[in-house]
S.K.: 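Right, I'll just put the structure down here and ask away after.
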Amino acid sequence: MNYISTRGAGIGERHTFSDILLGGLAKDGGLYLPAEYPRVTAQELDAWRSLSYADLAYEILRKFSDDIPEEDLRSLTRRTYTASTYSNVRDHESASQITPIKTLGVENGTTLSLLELSNGPTLAFKDMAMQLLGNLFEYTLAKHGETLNILGATSGDTGSAAEYAMRGKQGVRVFMLSPHQKMSAFQTAQMFSLQDPNIYNLAVAGNFDNCQDIVKAVSNDHAFKAANKIGTVNSINWARVVAQVVYYFKGYFAATKSNAECVSFTVPSGNFGNVCAGHIARMMGLPIEQLVVATNENDVLDEFFRTGVYRVRTAAETYHTTSPSMDISKASNFERFVFDLLGRDPTRVLQLFHDVEEKGGFDLAASGDYARVKEFGFVSGRSSHADRVETIRDAFNRYNTMIDTHTADGLKVAREHLKPGIPMIVLETAQPIKFGETIREALQREPERPAAFIGMEELPQKFDIVSADAGVVKAYIAERV
Ligand SMILES: *Cc1c(COP(=O)(O)O)cnc(C)c1O
């Protein structure tokens, strides 16, 4: 398997899965994709139907990472996808399934269900890929006798998923910046209660933008970056995307009885990483009818799929919403889909994303390319705070199921795209306890709290307060690596 850049640099060069694992963007600023998508045969689909999550992950990942010896990959996937790591299940009978499916009911002749992706250590779907990344990083670094220092900024989900994936891993340290006293008590406790010596929480005296600016400043200091082996784990990381392909297959098998059936997925979306994995599953041949992109008030993606216009938002146009993990001004993985939409023409992708930088976007409405969006199964919709509250209430009253705000955005939009006879699977991306304020508003009751999290806010916390200054952060890192 060879990987290429969406912008065309290095055509003819060879990049293996391991080559691109620890890096981010390709050198021309593009994103990596396989030179071609592996196809799944009917026999394979039949054989995969009965596999455990870990073994399904092995079968899918090995098509993308043929430079990792099979026995090593087998052991990595079996160590990653264990019932004890994904133990925060609501229904204990489904404890070994990793991503259990929960049927809500039949609406408009369609079975509507939730695919639970948030039973991992940080109660959000990012654990699904990040836990594998932790094991892959440790494995690859050990093989080459290297170390890596991950620097990131977080306002919640990504940072904690990264810390729980990397804690205790040989050869890896995490330096995670978060805005001091600006995260919820729950999210703060989740990160700061980690006592592992390779995890550093830096509480920055400032806001989330200050944290992101510091990460950018450090990353632009190429000498510092190289000397201190700085890396990232952001959502454009290819291994994260491909790890997410697995649960589309698992969800398909759970919702169907034979491979003659089709299903649709609705995906609460921000940076387009999750639904990009659905697109790849579909390109591999998984029978997916529709991929429904659900956004919140930050509707860059909904606008594109409805109109063909991609227009990134300014900071002033980006809303802070009650589904905060979808609050984006541009969708960092979207370029991967655009590459396929344009028939994999890197020259045009380069031009369009140059236009994004220079003019703030591009317009495909009048071109034949936008008409092809349908061939890829994509449709979309948006949701608001009032919709979330209403949908959380409805799911609780009608189906006795408590859902979080992001999943509520998904369910709201899914209902606008039901097709009779085609099961609709909404991806559950977080558990309600993470966004308790809106649960209290909708239901006048406390969110469900998994047993492992009882009393978490009272645990001792480990963090250092630093000023919002890239120089201070650099000195902090340099002293510890
Ligand atoms: C990250 C996140 C999303 C958005 O996923 P993308 O891959 O960025 O589209 C949705 N819901 C939750 C809870 C998240 O943490």
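Atoms within each ligand, like the ligands themselves, are counted from 1 in listed order. Keep in mind the model is a prediction, meaning the values are calculated, not measured.
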S.K.: Under 4.5 Å between any side-chain heavy atoms of Arg388 and Glu390, yes or no?
M.R.: no

S.K.: Can you confirm whether or not the ring centre of Tyr53 sits under 6.0 Å from the ring centre of Tyr81?
M.R.: yes

S.K.: Taking only heavy atoms of Lys126 into account, list the atoms of ligand 1 that are under 4.0 Å away from them.
M.R.: 1 (C), 2 (C), 3 (C), 14 (C), 15 (O)

S.K.: Do the charged groups of Asp394 and Arg415 touch, with an N to O distance under 4.0 Å?
M.R.: yes

S.K.: At a 4.0 Å threshold, what atoms of ligand 1 neighbour a non-hydrogen atom of Ala430?
M.R.: 13 (C)

S.K.: Indicate, as side chain, backbone, both or neither, the part of Phe125 found under 4.0 angstrom from ligand 1 when only non-hydrogen atoms are considered.
M.R.: side chain

S.K.: Using distance alone, determine whether Asn274 and ligand 1 share an N or O pair under 3.5 Å.
M.R.: yes

S.K.: Between the side chain of Gln431 and the main-chain N/O of Asn88, is any donor-acceptor distance below 3.5 Å?
M.R.: yes

S.K.: Out of all atoms in ligand 1, which are within 4.0 Å of some heavy atom of Gly273? Include the element for each.
M.R.: 6 (P), 7 (O), 9 (O)

S.K.: With a 4.0 Å cut-off, would you call Glu428 and Lys102 a salt bridge?
M.R.: no

S.K.: Who's the nearest protein heavy-atom neighbour of atom 6 (P) of ligand 1, and how far?
M.R.: Asn271 N, 3.6 Å

S.K.: Between Arg382 and Asp299, is there a salt bridge with N-O shorter than 4.0 Å?
M.R.: yes

S.K.: I'd like to know whether ligand 1 has Ser269 as a neighbour, heavy-atom separation below 4.0 Å.
M.R.: yes

S.K.: Kindly check if the number of other-residue, nucleotide or ligand heavy atoms within 6.0 Å of CZ (Phe376) is above 12?
M.R.: yes

S.K.: Flag Gly270 as yes when one of its N or O atoms lies below 3.5 Å from any N or O atom of ligand 1, and as no otherwise.
M.R.: yes

S.K.: My understanding is that we take every heavy atom of each candidate and find the minimum distance to atom 12 (C) of ligand 1. Doing that for Thr429, Thr295, Asp127, which one comes out nearest?
M.R.: Thr429

S.K.: Is the closest basic N to carboxylate O distance between Glu457 and Arg449 below 4.0 Å?
M.R.: yes

S.K.: Is any N or O atom of Asp157, backbone or side chain, closer than 3.5 Å to an N or O atom of ligand 1?
M.R.: yes

S.K.: Looking only at distances, please establish whether an N/O atom of ligand 1 is found under 3.5 Å from an N/O atom of Ala124.
M.R.: no

S.K.: Give the atom numbers and elements of ligand 1 that come within less than 4.0 Å of a heavy atom of Pro268.
M.R.: 4 (C), 10 (C)

